[in-house]
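The structure appears below as structure tokens.
Every chain is numbered from 1, with letters handed out A, B, ... down the list of sequences. No hydrogens, no waters, no symmetry mates; every other heavy atom, side chains included, goes into these values. This structure is a prediction, so every number in the text was calculated from the model and none was measured.
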Amino acid sequence: MSVVLNFKSHLSELFAQALREVAPELSKNGSGQTEILIERPKLATHGDYACSLAMQLAKPLRKAPRDIAQALIAALPESDVIERLEIAGAGFINVFVTIAAKQHVVHGVLQAGAGYGHIHLGAGRKVGVEFVSANPTGPLHVGHGRGAAVGDCLCSVLHAAGWNVTREFYYNDAGVQIDNLTRSVQLRCMGIAPDHPDWPEAGYRGDYIADVANAYLARETVDADDQHVQGSGDVNDAEAIRHFAVAYLRREQDLDLRAFGVNFDVYSLESALYTDGKVKETVDRLIASGHTYEQDDALWLRTTAFGDDKDRVMRKSDGTYTYFVPDVAYHLDKWRRGFTRVINEQGADHHSTITRVRAGLQALDAGIPQGWPDYVLHQMVTVLKNGEEVKISKRAGSYVTLRDLIDEVGCDATRYFLAARHPDSQLVFDIDLAKSKSNDNPVYYIQYAHARISAVLAQWGGERHALLQADVGLLDSEYETALLQRLIDYPQVIENAALELAPHLVAFYLKELAADFHSYYNASRFLVDDAAVKLARLALIAAAAQVIHNGLALLGVGAPERM
RNA sequence: GCGCCCGUAGCUCAGCUGGAUAGAGUACUUGGCUACGAACCAAGGGGUCGGGCGUUCGAAUCGCUCCGGGCGCACCA
């Protein structure tokens with residue numbers, strides 16, 4: 001017999017069959033589009049799963065929900081999984097799953113190992129995820145950290161859900177901001193500091209600018225990507241300064257990201273879009289499309305024809321392009337690289353680019369679907385230090401860098417903290433709390449569960465292979481059934497997180513899994529005299545440890561054996 | 001003024017495509033280490049889900065509106 005572990009889809013199929021019998025005209029095979037929703041009730045007394053189909057059918061069938069429920073149950077095919085069925089409340093059908101069916105999950109997890117939780121939702125399709133994409137004009141700050149944590153975790157979740165994921169970073173290494181950077185470094189080289197009356201309004205004021213200037217003057221060599229850039233020390237050579245400063249800051253960002261455990265598959269440079277003609281090609285295509293016009297010595301794109309609230313300048317009156325043009329060229333390039341799905345993870349302060357980029361892509365008339373690409377926007381991070389909000393301003397040089405957080409709070413806790421919230425909600429990062437009372441951080445609670453299990457298994461000292469022989473039929477206490485059900489839920493969590501592009505769901509799931517384990521731990525002994533009971537319990541907690549390990553891996557957080 | 005996001009326990013936050021009595025953590029009160037790690041567990045109090053109207057058998061969830069907060073509204077990125 002085949003082992004069913006995905007109870008939700010199994011039950012969904014059973015009810016679909018029942019529906020075809022009870023009300024064929026409303027089933028999916030008929031003209032109807034009735035969705036079969038199987039949910040997990042909050043209360044254990046309401047069963048393991050519940051179906052509200054009868055209530056949905058009440059109106060179209062003009063019958064009482066409870067009567068429909070009765071008919072559905074009568075028409076439901078037999079299944080080993082179902083212990084019993086109940087009609088409750090207004091017409092819920094509550095399903096109680098047999099303990100035997102749940103117990104299978106232990107061997108399922110142990111056999112699948114790191115593969116438990118991998119599903120086929122993505123069916124191997126390509127998805128390109130762009131995240132962080134910070135300008136090389138300064139160190140990465142907390143906001144970038146959130147983007148890095150959310151983006152990287154999202155990629156891991158999508159990978160687990162069966163997508164072929166490419167992580168991508170886009171460098172805006174051209175344009176006005178880089179000019180400002182260059183000028184700022186040059187002034188520093190000449191001994192002019194931000195408090196000087198000649199310091200430009202748009203100049204960068206952070207101390208790191210002085211570091212860059214000193215390195216340039218000292219003719220240091222910077223290794224960034226595949227190139228080695230040496231500072232010439234020539235204060236008047238703006239081009240050399242620009243080249244050096246960008247390389248210097250890119251290296252700093254790369255080091256920070258590496259320390260944060262985030263790695264990219266592809267780095268794209270804005271400057272390359274100019275040098276290899278992709279910007280020009282995009283402009284030409286847009287002009288040819290007939291959606292552009294000249295006004296006030298500038299070239300405009302009629303983005304209002306594609307939902308934007310005002311038209312956008314493409315080529316400024318000074319002859320240079322706005323950032324928007326290479327952005328469109330860049331996305332056209334992504335499309336051509338075969339990414340029928342692209343997700344851009346960015347800070348919400350850039351949300352206005354969404355309509356613009358999509359409009360530009362539509363204007364190209366390149367067969368790109370409306371609404372492409374997808375976006376995940378994370379809201380702003382507020383940093384609290386000494387109970388006061390730290391204002392972050394790159395130009396003023398007021399900073400909470402990602403590096404600071406990693407050094408002071410630790411990589412695991414920082415990643416967890418930044419990824420464990422819905423991207424849509426604003427995040428308050430209390431540095432003092434995270435630093436001084438780091439034990440309060442839920443990441444330790446989860447890691448502790450893993451370490452505890454490791455300690456018990458080490459004390460047992462047996463071969464991991466032996467656990468596969470465990471008689472899981474002995475697992476039937478309330479703590480054990482709760483843990484079994486939690487392990488069964490894991491693939492569903494991956495699916496939801498992937499569908500909703502909401503990696504924080506994994507973090508919350510892990511907290512609940514850890515809680516189930518800790519309760520079990522305090523209520524039961526594992527290393528008991530009865531060999532069969534001992535093996536069964538160890539198999540269960542080993543499975544729990546495996547799922548904690550798998551889930552933490554998605555978050556980029558370690559699962560230590562000791563702490 | 002226009003657009004996007006948010007408003008849930010004192011605080012930090014969950015709540016899956018609308019479902020049954022709204023949940024965690026923290027803080028507070030109490031109890032549990034001569035048992036595999038107490039970075040843990042158990043119990044208790046704490047709520048007009050910002051307000052109102054609407055759709056629905058059923059709304060924290062969907063729609064409208066008002067209030068409050070954040071972020072955008074450049075020939076910057």
Side-chain angles (χ1 to χ4, degrees), chain A residues 35 37 39-43 45-46 50 52 55-56 58-59 64-65 88-92 94 133-135 137 172 174-180 202 270 295-300 309-310 312-324 326-327 347-355 377-380 382 420-428 430 433 437-442 444-445 447-449 451-460 492-493 495-497 499-500 502 504-505 507-508 511-512 514-515 517-528 534 537-538 541 562-563:
Chain A
E35 290 285 344
L37 293 177
E39 55 207 35
R40 296 277 333 271
K42 289 171 201 148
L43 295 169
T45 53
H46 291 151
S52 57
M55 288 178 288
Q56 295 171 256
K59 197 165 192 178
F92 291 97
N94 295 336
S133 292
N135 293 348
T137 54
N172 296 100
V176 174
Q177 296 301 345
I178 298 298
D179 293 342
N180 289 336
E270 182 185 3
Q295 187 181 308
D296 302 331
D297 294 328
L299 180 67
W300 295 70
D309 56 354
K310 61 179 84 163
R312 302 295 164 179
V313 171
M314 291 169 56
R315 191 176 59 226
K316 295 179 264 181
S317 48
D318 67 4
T320 63
Y321 294 108
T322 58
Y323 79 95
F324 154 72
D327 222 2
D349 53 340
H350 287 80
H351 79 259
S352 60
T353 63
I354 297 175
T355 319
L377 301 179
H378 64 260
Q379 295 293 316
M380 302 294 94
T382 307
R421 277 177 177 72
H422 197 298
D424 276 346
S425 76
Q426 287 168 46
L427 169 55
V428 178
D430 188 330
L433 184 75
K437 301 173 70 181
S438 58
N439 288 355
D440 290 340
N441 194 308
Y444 295 105
Y445 181 79
Q447 290 181 320
Y448 183 49
R452 263 183 154 178
I453 295 170
S454 300
V456 174
L457 291 174
Q459 186 144 340
W460 167 58
Q492 193 71 53
V493 171
E495 182 177 331
N496 286 344
L499 286 173
E500 293 175 35
H504 73 285
L505 294 174
F508 279 89
K511 226 162 62 173
E512 289 170 342
F517 166 73
H518 285 308
S519 294
Y520 182 34
Y521 181 94
N522 277 277
S524 333
R525 275 190 64 77
F526 309 125
L527 299 174
V528 292
K534 177 168 70 180
R537 291 179 180 174
L538 291 173
I541 63 171
R562 226 172 288 122
M563 53 192 293

Between A:F92 and B:A20, do the rings stack, that is, sit under 5.5 Å apart with planes less than 30° off each other? yes

Are B:A20 and A:H46 stacked, with the base six-membered ring and the side-chain ring centres under 5.5 Å apart and planes under 30°? yes

hbond_proxy [X] side chain to [N] base (donor-acceptor, 3.5 Å cutoff):
| X | N | result |
| --- | --- | --- |
| A:Q379 | B:C71 | no |
| A:H350 | B:A77 | yes |
| A:D349 | B:A77 | no |
| A:S317 | B:C75 | yes |

Between [N] and [M], how far apart are the two [atom1] atoms, rounded to whole Å?
| N | M | atom1 | result |
| --- | --- | --- | --- |
| B:U56 | B:G18 | P | 16 Å |
| B:G44 | B:A24 | P | 10 Å |
| B:A14 | B:C6 | P | 10 Å |
| B:G23 | B:G46 | C1' | 13 Å |
| B:A43 | B:G37 | C1' | 24 Å |
| B:U61 | B:A22 | C1' | 11 Å |
| B:G70 | B:G10 | P | 22 Å |
| B:C33 | B:A39 | C1' | 15 Å |

Between A:S519 and A:D296, just flag the one whose closest nucleotide in RNA chain B comes earlier from the 5' side. A:S519

Assuming nearest nucleotide by heavy-atom distance, tell me which of A:F508 and A:L457 is located more 5' along RNA chain B. A:F508

[X] has an atom [atom1]; how far is it from atom [atom2] of [N], in whole Å?
| X | N | atom1 | atom2 | value |
| --- | --- | --- | --- | --- |
| A:Y520 | B:G37 | OH | P | 15 Å |
| A:D424 | B:G70 | CG | P | 17 Å |
| A:R537 | B:C36 | CZ | P | 15 Å |
| A:H518 | B:A38 | NE2 | C1' | 11 Å |
| A:Y445 | B:A24 | OH | C1' | 10 Å |
| A:R421 | B:C6 | CZ | P | 16 Å |
| A:F526 | B:C41 | CZ | P | 13 Å |
| A:D179 | B:C75 | CG | C1' | 15 Å |

Look at the side chain of [X] and decide which nucleotide, out of [options], has an atom nearest to it.
| X | options | result |
| --- | --- | --- |
| A:H422 | B:C41, B:A20, B:A14 | B:A14 |
| A:M55 | B:C57, B:A77, B:G70 | B:C57 |
| A:A298 | B:A42, B:A77, B:C75 | B:C75 |
| A:K59 | B:G70, B:U56, B:A14 | B:U56 |
| A:N496 | B:C16, B:C40, B:C76 | B:C16 |
| A:W300 | B:A77, B:C40, B:C75 | B:C75 |
| A:Y521 | B:A77, B:C13, B:G37 | B:G37 |
| A:E500 | B:U17, B:A20, B:C4 | B:U17 |
| A:M380 | B:G70, B:C75, B:A20 | B:G70 |

Closer than 4.0 Å, any side-chain N/O of [X] to the OP1 or OP2 of [N]?
| X | N | answer |
| --- | --- | --- |
| A:R452 | B:A38 | yes |
| A:S425 | B:A14 | yes |
| A:Y321 | B:C75 | no |
| A:Y448 | B:A39 | yes |
| A:K511 | B:C13 | no |
| A:K42 | B:A20 | yes |
| A:Y444 | B:G37 | no |

Does any non-hydrogen side-chain atom of [Y] lie less than 4.5 Å from one of [X]?
| X | Y | answer |
| --- | --- | --- |
| A:K534 | A:W460 | yes |
| A:V176 | A:K316 | yes |
| A:E512 | A:F508 | no |
| A:P423 | A:H504 | yes |
| A:F92 | A:H46 | no |

What distance separates A:D424 CG from A:L377 CG, expressed to the nearest 0.5 Å? 8.0 Å

Taking atom CZ of A:R312 and atom CH2 of A:W300, what is their separation to the nearest 0.5 Å? 9.0 Å

Sugar-phosphate only, base, or nothing, as touched by A:M314 at under 4.0 Å among non-hydrogen atoms: nothing

Determine the contact category for A:A455: base if any of its heavy atoms lies under 4.0 Å from a base atom, sugar-phosphate if only primed atoms, P, OP1 or OP2 are that close, otherwise nothing. base

Kindly assign one of parallel, tilted or perpendicular to the pair A:F517 and A:F526, based on the angle between their ring planes and the thresholds 30° and 60°. parallel

